[in-house]
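Here the structure is laid out as structure tokens; the discussion comes afterwards.
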There are 2 protein chains.
Amino acid sequence: MANPSKAEQLFCPTETALGIIGGKWKGMILWCLCQGTMRFGQLHRTIPGITQRMLTKQLRDLEEYDIITRKVYPQVPPKVEYALSAHGQTLKPILANLEAWSKDYLEQKIGRNDAG
Amino acid sequence: MANPSKAEQLFCPTETALGIIGGKWKGMILWCLCQGTMRFGQLHRTIPGITQRMLTKQLRDLEEYDIITRKVYPQVPPKVEYALSAHGQTLKPILANLEAWSKDYLEQKIGRNDAG
DNA sequence: CAGAATCCGAGAGGATACTG
DNA sequence: CAGTATCCTCTCGGATTCTG
């Protein structure tokens, strides 16, 4: 038994953010939308390897979180535009940080070359 | 066919970072280690719900990425200490950002109360 | 105490075909 | 064009047992 003291029971707030931008595609999608509004097909072409099913799913998730907006143009052929919402905009600096960190990390990894 | 132009073939650098801090437990583990060096059992008690297997696995991953260090004290009973590496230290501001963003996000979500 | 080994289910993600 | 609908694989993560 001996369950931990309440002082040790920390709750990690990063989980919320990681739950939203985590997964295999969300980061990439958001990163694309940081560049501006994009249509479905445009996202599909821009993100290598993603399937329609996955793209749709992830977009729906992000929409549910109020991170992106979905604008449907009632016309034929259909046209749907995705963009960052007000909430989503606040993610921009986060994503920029992740980007910068990643680049730095990769550089260090390549530059070192002393580990097997 | 009509494969996308090279200009549309963006590569998203956030994937590196998200690949490292993503998953169900890594964020929490790193967040714990941001507070300082911790022993295995201490992490285990501090992170509610994680199993030894998962904790071990995630720690090994992070070690492989050079994000944390693992120090074994050759004694009985065993003692192993985990801490952020130099690389890991550079993640601190990132995690702090994620934390701040999450809190802000949750506040907005609760404060609005206008969506069904 | 800090793990390794084994078995297992759920769900994330993928391939393909179809549609208004 | 922007999705649905199925079906399938495969990894993530969980439960449990054992050990130096």
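Letters A, B, ... mirror the listed sequences (proteins, then strands); counts begin at 1.
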Which atoms of nucleotides 15-20 of chain C (N or O only) lie under 3.5 Å from a protein N or O atom, and what are those distances?
none

- prompt: Whole-Å distance between C:dG3 P and B:Ile50 CD1?
  reply: 12 Å

field: Joint cluster assignment, B:Tyr73 & B:Leu33, ILVMFWY side-chain distance < 4.5 Å
entry: no

query: If you look at every strand shown and take non-hydrogen atoms under 4.0 Å, does B:Tyr73 touch a base, only sugar-phosphate, or nothing?
result: nothing

message: Taking CD in B:Gln75 as the centre, count heavy atoms belonging to other residues, nucleotides or ligands within less than 6.0 Å. Is the count above 12?
response: yes

Residues in side chain to side chain contact (heavy atoms under 4.5 Å, CB included) contact with B:Ala100, at least two apart in sequence or another chain: none

query: Base, sugar-phosphate alone, or nothing: which one does A:Gln58 contact when heavy atoms must sit under 4.0 Å apart?
result: sugar-phosphate

task: Under 4.0 Å from any heavy atom of chain B: name the first and the last nucleotide of DNA chain D that qualifies, 5' to 3'.
output: D:dG13 to D:dG20

Give the table of side-chain donor-acceptor pairs shorter than 3.5 Å for residues 50-58 of chain A, with sequence neighbours excluded, one pair per line with atom names and distance.
| residue | atom | partner | partner atom | Å |
| --- | --- | --- | --- | --- |
| A:Thr51 | OG1 | A:Met54 | N | 3.3 |
| A:Thr56 | OG1 | A:Gln52 | O | 2.8 |
| A:Gln58 | OE1 | A:Lys26 | NZ | 3.2 |

- prompt: Should A:Val76 and A:Val80 be regarded as members of a common hydrophobic cluster, given that ILVMFWY residues are connected when their side-chain heavy atoms come within less than 4.5 Å of each other, either directly or indirectly?
  reply: no

- request: Would you kindly give the CG-to-C1' distance between B:Asp61 and C:dG3, to the nearest whole Å?
  value: 15 Å

Whole angstrom value for the distance that separates C1' of C:dC1 from CG of B:Leu43: 13 Å

- request: List the atom of B:Tyr105, the atom of A:Tyr65, and the distance in Å for their closest heavy-atom pair.
  value: OH-O, 2.8 Å

task: Please report, rounded to the nearest Å, how far the C1' atom of C:dA12 is from the CZ atom of A:Arg60.
output: 18 Å

task: Check whether any side-chain N or O of A:Ser85 sits under 3.5 Å from a backbone N or O of A:Ile67 as a donor-acceptor pair, and report yes or no.
output: yes

- prompt: Any side chain to side chain donor-acceptor pair (under 3.5 Å) pairs touching residues 91-101 of chain A, not counting sequence neighbours?
  reply: A:Trp31-A:Glu99, A:Trp101-B:Thr90

message: Between A:Trp25 and B:Val72, which residue's closest nucleotide on DNA chain C lies nearer the 5′ terminus?
response: B:Val72

query: Can a side chain N or O of B:Tyr82 be found less than 4.0 Å away from OP1 or OP2 on C:dC1?
result: no

task: Kindly state each residue pair satisfying salt bridge (charged side-chain N to carboxylate O under 4.0 Å, His left out) with at least one member in residues 68-85 of chain A, sequence neighbours excluded.
output: A:Lys79-A:Glu81

query: How long is the line joining CE of A:Met54 and P of C:dA12, in whole Å?
result: 9 Å

- request: Using whole Å, report how far CD1 of B:Ile68 lies from C1' of C:dA2.
  value: 14 Å

field: OP1 or OP2 of C:dG3 under 4.0 Å from side-chain N/O of B:Lys57
entry: no

